[in-house]
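Take a look at the structure below.
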Amino acid sequence: MATAMSFLCPSPATFKGTEMPIARFRCCSSNTNSVSLNTRTEPQPVTTFVKAFAPATVANLGPGFDFLGCAVDGIGDIVSVRVDPEVRPGEIRISDITGHAPNKLSTNPLWNCAGIAAIEVMKMLAIRSVGLSLSLQKGLPLGSGLGSSAASAAAAAVAVNEMFGKRLSVEDLVVASLKSEEKVSGYHADNVAPAIMGGFVLIQSYSPLRLIKLKFPAEKELYFVVVNPEFEAPTEKMRAALPTANCMAHHVWNCSQAGALVAAVLQGDVVGLGKALSSDKIVEPRRAPLIPGMEAVKKAALQAGAFGCTISGAGPTAVAVIDDELAGNAIAEHMIHAFLHHGNLKAFAKVLQLDRFGARRILD
């Protein structure tokens, strides 16, 4: 069985579609979906094989807990789907899992994030006449805070949708992937929405689901220094550490910083983005002590010139922002050193750019 520690994001020439402009979506979170009103007959496969890629994501972005996230270019998960005559019509089978920790993931589609999302898409399309087999290549480590489950779900949803002629809208795909997240790590879209849509995404509300894509200026440079230590931080454990109540002063502060972060994204202000990213007074103070060395890592990143640093999602990955790749590489070294000497953890780093495209079909 082949193994791969990471998968490079395909270049824009290898997939279909272009970057979306600023967009607003209103989605129904029930089983009713927009395509069911317009599709009276079951769609037939337009191809017998599809491969799709979905990028890693950085959720929360500091003060944006459960409502802000972005996609990062270069690493992610790949899902391949094929029409399989040996699978009963209307059902799906996971044939194999490779890459990061394949033995820790279930091949039962009802307990695998890729399988759950694929099933949801099949339900939305009312697929009854063909069976599908799914292959998952994990390019993202489990429990890393980089949206591992969301990437698998997003890639699976896009692959199945492509197989049947792209009948579902972007918002439908987010809803299908969110069903997976709900079962695996909780009902939050700050990973799955940017994994599907690319770029920065704001979740305006969950009931009904409303999404706003925030367009970071194309001419601006933005780099994410992503440092992943050899330490697993399960989402359930990290969410359990959160406070049940907050003082009004911290609430007002976090709201203002989240607003500043959105403004910085739209203006292409990387310095302002970094300042807001580093400013969380509610979630990060509770989670950082659970990740050995995290507080020292953040201090090291800022001292090395990063514009900001925080925990990516639930952790343990630390993410810093900068506007220069070479500077990012130097910052990464300081962060790795801090994890080792203050947390006794080995860590690996990547300097990545913003993924503006989200989940997409790729060439075989």
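For clarity, every value in this text was computed on a predicted model and none was experimentally measured.
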> Short question: side chain of Asp172, backbone of Ser169 - any donor-acceptor pair under 3.5 Å?
Replying inline: yes

> Any link between Leu134 and Val87 through a network of hydrophobic side chains (Ile, Leu, Val, Met, Phe, Trp, Tyr) touching at under 4.5 Å?
Replying inline: no

>> Working to the nearest 0.5 angstrom, can you tell me the gap between Leu340 CG and Leu345 CG?
In response: 8.5 Å

> How long is the span from the NZ atom in Lys213 to the CZ atom in Arg356, to the nearest 0.5 Å?
Replying inline: 9.0 Å

>> Run the side chain to side chain contact (heavy atoms under 4.5 Å, CB included) test against Pro289 and tell me which residues pass, sequence neighbours left out.
In response: Glu295

> Going hydrophobic residue to hydrophobic residue with side-chain gaps under 4.5 angstrom, can you get from Leu110 over to Val160?
Replying inline: yes

> Without hydrogens or angle criteria, can the side chains of Asn228 and Ser144 be said to hold a donor-acceptor pair below 3.5 Å?
Replying inline: no

> Atom CG in Leu202, atom SG in Cys70: separation rounded to 0.5 Å?
Replying inline: 13.0 Å

> Under 3.5 Å, is there a donor-acceptor pair between the side chain of Ser278 and the main chain of Cys309?
Replying inline: yes

>> Test your reading of the model: is there a side-chain donor-acceptor pair from Asp77 to the backbone of Leu140, 3.5 Å cut-off?
In response: yes

> Can you tell me how far the CD atom of Glu171 sits from the CE atom of Met197, to the nearest 0.5 Å?
Replying inline: 8.5 Å

> Knowing that exactly one of Val175, Leu168, Leu132 qualifies, which makes a side chain to side chain contact (heavy atoms under 4.5 Å, CB included) with Val121?
Replying inline: Leu168

> Quick one: does Asn161's side chain have a donor or acceptor within less than 3.5 Å of a partner on Arg167's backbone?
Replying inline: yes

> Could you go step by step and tell me if Arg361 and Phe53 meet the side-chain contact (heavy atoms from CB on, under 4.5 Å) rule?
Replying inline: CA-CA 6 Å; Arg361 182 177 180 177; Phe53 170 87; over 6 Å; no

>> Does anything in residues 332-343 form a side chain to side chain donor-acceptor pair (under 3.5 Å)? List the pairs, not counting sequence neighbours.
In response: His337-His341

> Is it true that Val297 and Leu302 fall in one hydrophobic cluster, defined by side-chain heavy atoms closer than 4.5 Å?
Replying inline: no

>> For the backbone of Pro208 and the side chain of Ser205, can you confirm whether one donor and one acceptor N or O come within less than 3.5 Å of each other?
In response: yes

> Any donor and acceptor pair, going by atom type alone, linking the side chain of Lys298 with main-chain N or O of Ala320 inside 3.5 Å?
Replying inline: no

> Is the backbone of Glu221 close enough, under 3.5 Å, to the side chain of Asp323 for a donor and an acceptor to pair up by distance?
Replying inline: no

>> I'd like to know if Asp280 and Arg286 make a salt bridge, using a cut-off of under 4.0 Å between side-chain N and carboxylate O.
In response: no

> Is it the case that Glu284 and Thr310 place a side-chain donor and acceptor less than 3.5 Å from each other?
Replying inline: yes

> Would Asn112 and Ser106 count as a side-chain hydrogen bond (donor to acceptor under 3.5 Å, both in side chains) if you check the C-alpha gap in whole Å, the side-chain angles of each, and the deciding distance to 0.1 Å?
Replying inline: CA-CA 6 Å; Asn112 182 288; Ser106 174; over 6 Å; no

> Within a strict 4.5 Å, meaning less than it, do heavy atoms of the Asp73 and Leu354 side chains meet?
Replying inline: no

> Would Val46 and Val130 show up in the same hydrophobic cluster when neighbours are defined by side-chain heavy atoms closer than 4.5 Å?
Replying inline: no

> Is there side-chain contact between Tyr223 and Gln353, with heavy atoms separated by less than 4.5 Å?
Replying inline: yes

> Is the closest side-chain donor-acceptor distance between Ser180 and Glu120 under 3.5 Å?
Replying inline: no

> Would you say the side-chain atoms of Thr47 pair up with the backbone N or O of Met163, donor to acceptor, closer than 3.5 Å?
Replying inline: no

>> Looking at Thr98 and Gln137, would you say the former's side chain and the latter's main chain have a donor-acceptor pair under 3.5 Å?
In response: no

>> Between Asn60 and Gly62 (side chain of the first, backbone of the second, donor and acceptor by atom type, cut-off under 3.5 Å), is there such a pair?
In response: no

> What closest approach, in Å, do Tyr206 and Ala189 show between heavy atoms, and which atom pair accounts for it?
Replying inline: OH-N, 2.9 Å

> Taking atom CZ of Phe307 and atom CG of Asp324, what is their separation to the nearest 0.5 Å?
Replying inline: 8.5 Å

>> Please evaluate residues Phe164 and Ile127 with respect to the criterion side-chain contact (heavy atoms from CB on, under 4.5 Å), reporting the C-alpha separation (whole Å), side-chain torsions for both, the decisive distance (0.1 Å), and the verdict.
In response: CA-CA 9 Å; Phe164 294 95; Ile127 303 302; 3.5 Å; yes

> What's the spacing between Ser279 OG and Trp253 CH2 if we round to 0.5 Å?
Replying inline: 6.0 Å

